[in-house]
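Have a look at the structure below before the remarks.
Nothing here was measured: the structure is a model prediction, and the numbers come from that model. No hydrogens, no waters, no symmetry mates; every other heavy atom, side chains included, goes into these values.
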Amino acid sequence: MNLLVLGATGPTGRQLVDLALRPGDTVTALARNPAALGDLADRITVVMGDATSQRDVAAAALGRDVIISALGQGRSLNPDGLFSRASAAVIGAAKQQGVFPSGVDVVLRRGRDLRLGDRCAEDHVRHVASAVYADKKIADDRIRDSGLDWTLVFPTGLTNRPAKGTYRVDDRIRMKGARMISRADVAAFRHQAAQGSEWIGRDAAITN
């Protein structure tokens with residue numbers, strides 16, 4: 001397939017690109033900073049641009065079969081409407097160019113990078129998390145109502161561990177306690193879902 005990947009410079013996006021290249025897919029990455037792709041840039045087509053710009057996404061999506069978004073907030077604590085703005089750009093570009101978006105996911109990491117023992121910091125994180133997830137809900141609802149072929153992927157907490165190759169995925173998963181899944185396994189599922197029709201028009205909850 002001919003894939004456009006948004007967020008390819010991030011840890012999940014890089015895993016996704018590596019997986020796609022193994023079976024011989026053609027990969028294009030839209031990146032604000034192409035240099036962040038490192039040696040990966042020599043193996044794919046790189047388009048410099050912003051995932052929140054419909055013009056940039058449409059230019060990168062020309063001739064592509066599927067758009068896969070691995071956009072994330074990273075360590076940023078700025079709830080700047082990334083997901084709602086990117087969803088509008090992707091939907092507009094997909095309709096313009098005739099390609100199909102394959103979901104967006106976000107996990108706000110807590111604990112390791114923030115001093116949650118500080119009450120002020122904890123309150124700030126709660127506020128930011130609320131704003132980020134509210135923005136994510138706007139994006140998700142917009143994608144569901146777009147009339148396009150879409151898949152939304154909802155991983156539990158993300159780790160950088162190697163792929164297990166086995167994971168649980170369903171429209172809904174009943175869980176107790178904190179569950180984790182590796183970025184590599186999430187990337188593998190997203191690539192697999194983009195290849196077929198089983199997950200079109202569905203939410204995919206995924207965990208180990």
For the residue pair [X] and [Y], what are the closest heavy atoms and their distance?
X: Ser53; Y: Ala89; value: C-CB, 3.7 Å
X: Leu71; Y: Gly7; value: CD2-N, 3.8 Å
X: Val169; Y: Ala204; value: CG2-CB, 4.0 Å
X: Ser182; Y: Arg161; value: CB-O, 3.2 Å
X: Ala93; Y: Val57; value: CB-CG1, 3.5 Å
X: Leu148; Y: Lys95; value: CD2-CG, 3.8 Å

State, yes or no, whether a side-chain contact exists between [X] and [Y] at a heavy-atom distance under 4.5 Å.
X: Ile143; Y: Ile91; answer: yes
X: Asn33; Y: Thr9; answer: no
X: Val46; Y: Leu37; answer: yes
X: Pro23; Y: His191; answer: yes
X: Ile181; Y: Ile206; answer: yes
X: Ile173; Y: Phe154; answer: no

Could you state whether [X] and [Y] fall into the same hydrophobic cluster, counting links through intermediate Ile, Leu, Val, Met, Phe, Trp or Tyr residues with side-chain heavy atoms under 4.5 angstrom apart?
X: Leu158; Y: Tyr167; result: yes
X: Leu19; Y: Val5; result: no
X: Val66; Y: Leu21; result: yes
X: Leu16; Y: Met1; result: yes
X: Phe100; Y: Leu152; result: no

Do [X] and [Y] get their side chains close enough for a donor-acceptor pair, meaning under 3.5 Å?
X: Thr26; Y: Asn2; result: no
X: Arg202; Y: Thr151; result: no
X: Arg85; Y: Thr52; result: yes
X: Arg168; Y: Thr207; result: no

Give a yes or no answer on whether the side chain of [X] reaches the backbone of [Y] with a donor-acceptor pair at less than 3.5 Å.
X: Arg142; Y: Ser84; answer: yes
X: Thr28; Y: Ala60; answer: no
X: Gln97; Y: Ala58; answer: yes

Steps toward side chain to side chain contact (heavy atoms under 4.5 Å, CB included) verdict (Arg14, Leu40): CA-CA 8 Å; Arg14 291 186 68 90; Leu40 195 61; 4.0 Å; yes
Please assess Asp56 against Val47 for the test side chain to side chain contact (heavy atoms under 4.5 Å, CB included), listing each intermediate value before the final yes or no. CA-CA 8 Å; Asp56 291 352; Val47 177; over 6 Å; no
Measure the spacing between CG of Leu4 and OG1 of Thr45 and express it to the nearest 0.5 Å.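 Rounded to the nearest 0.5 Å, the CG-OG1 separation comes to 10.5 Å.
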Tell me, with the steps shown, if Asp141 and Lys136 meet salt bridge (charged side-chain N to carboxylate O under 4.0 Å, His left out). CA-CA 9 Å; Asp141 290 344; Lys136 177 68 166 58; over 6 Å; no
Test log, rule side chain to side chain contact (heavy atoms under 4.5 Å, CB included), inputs Phe83 and Ile138: CA-CA 8 Å; Phe83 300 104; Ile138 292 171; over 6 Å; no
Determine the sole option in Ile200, Asp203, Asp140 for which the side-chain contact (heavy atoms from CB on, under 4.5 Å) test with Trp150 is passed.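 Among Ile200, Asp203, Asp140, the one that satisfies the side-chain contact (heavy atoms from CB on, under 4.5 Å) with Trp150 is Asp203.
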Met180 and Asn208: CA distance, side-chain angles, deciding distance, side chain to side chain contact (heavy atoms under 4.5 Å, CB included) verdict: CA-CA 6 Å; Met180 308 295 287; Asn208 282 136; 6.0 Å; no
side-chain hydrogen bond (donor to acceptor under 3.5 Å, both in side chains), that's the test. Do Thr12 and Arg183 meet it? Break it down for me. CA-CA 5 Å; Thr12 303; Arg183 297 177 187 276; 3.1 Å; yes
CZ/Arg55: more than 12 non-hydrogen atoms of other groups inside 6.0 Å: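 Incorrect, the count does not exceed 12.
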